[in-house]
Amino acid sequence: MVYTIQDIVSYLEKVAPPSYQESYDNAGLITGNLLDNVTGILCSLDATEAVVEEAISLGCNLIVAHHPIIFKGLKSLTGKNYVEKTVIKAIKNDIAIYAIHTNLDHVAHGVNKKIADKIGLVNTSVLVPKKALLSKLVTFVPEEDKEKVLSALFEAGAGEIGEYSGCSFTASGKGTFTPSDQANPHKGSKGNPHEEPEVRIEVLLPSLLERKVLSALKHAHPYEEVAYFLQRLENENQLVGAGMLGDLPYAMDEQEFLKALKINMELHVIKHTQLLGKPIKKVAVCGGAGIFLLPQAKRSGADIFITSDIKYHEFFDAENQIVVCDIGHYESEIFTKELLVEILSQKFTNIALYLTKVVTNPITYL
Ligand SMILES: [Zn+2]
């Protein structure tokens, strides 16, 4: 079985939809041709020039990386810095680079779940679920077409709430309309006011499926003109958002926990605020730069918050209410490359998958 880059991208976009990325992000295909056949995939945290060289030597023409090598946009491409050098090398050697960044941070089985698993957390949940990712569709169908339209909506991905599928609300009523002379009415006749027993259907759907669900509605609905309301909702999506919260299977002494953290996450150093003399049971984590989640980590009742890229003054914000740890950006996310291999191997069993051996961390410790 031969797969194209498009096959890999489509699968990854189901796992971590691009619309879940932050507005400043640049996740997606950065170089490469979607129609090329995949010769092998190299998974990495960063796509640097050395990683591109590694892909070439392994015979891989696709790099799946967490961090997008092009982040802010380029106005020229002359090789004047490491970003341009990497991109030029990738393009010259037909290497596709796909970045799966804050969208992978935000899914329940993404970057933060991997960290939680490494630390041994149980009962994990998203720390700050995202709002406004759900929509509501209301439509009106003749009574005899209710089942057909409902199943088309469910088939397209509407009506799923947590562990429940086929969720809808229906109520009977009367629809009215007057077809014009140019109309081709399914019910009633041209020029005459008509009243039709109809069912009002309401369903929830992920906003990213709006087009698909609307197309399914229009296809299944018998009317020439389909009446519907589509509305974005403020509801939280519990499975999508920033950071993760979990429990240790049993409470640990602070020192004991930090020593275990160092081993489990393969750390050289942990920068942390004052220990509070309390056992650690509830843990909040956020891979990469996550200190913006400190207020929510405190409110969640977490005993400790593990993240990276914390500035001096931000450590003060712990205010002896929580222990805050900076474990390093690279160190907090390095296992994302393992996660990528796990995700890809669930679907593609006969493609060569590699973990980069290049240490892309620009920071070393004396
Ligand atoms: Zn990062």
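Order of appearance sets the numbers: ligands from 1, and atoms from 1 within every ligand. None of these values were measured; they are calculated from a predicted model. Just so you know, residue 1 is the first one in the sequence shown, and it goes up from there.
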### Message
For Gly277, is there any backbone N or O sitting under 3.5 Å from a side-chain donor or acceptor partner on Glu254?
### Response
yes
## Note on the structure
Counting only protein N, O or S atoms and ignoring waters, those under 2.8 Å from the Zn ion (ligand 1) are His67 NE2, His329 NE2, Glu333 OE1
### Task
Is it possible for you to say whether Leu353 and Leu104 belong to one hydrophobic cluster, with membership spreading through side-chain heavy-atom contacts below 4.5 Å?
yes
#### Entry: Glu155 and Lys212: CA distance, side-chain angles, deciding distance, salt bridge (Lys or Arg N to Asp or Glu O under 4.0 Å) verdict
CA-CA 10 Å; Glu155 180 73 15; Lys212 189 177 175 195; over 6 Å; no
### Query
Same hydrophobic cluster for Ile327 and Leu45, using side-chain heavy-atom links shorter than 4.5 Å among ILVMFWY?
yes
### Message
Does the Lys NZ or Arg CZ of Lys118 fall within the cation-pi geometry relative to Phe335 - under 6.0 Å from the ring centre and within 45° of the axis?
### Response
yes
### Query
Should the pair Tyr223 and His186 be assigned to parallel (<30°), tilted (30 to 60°) or perpendicular (>60°) ring geometry?
tilted
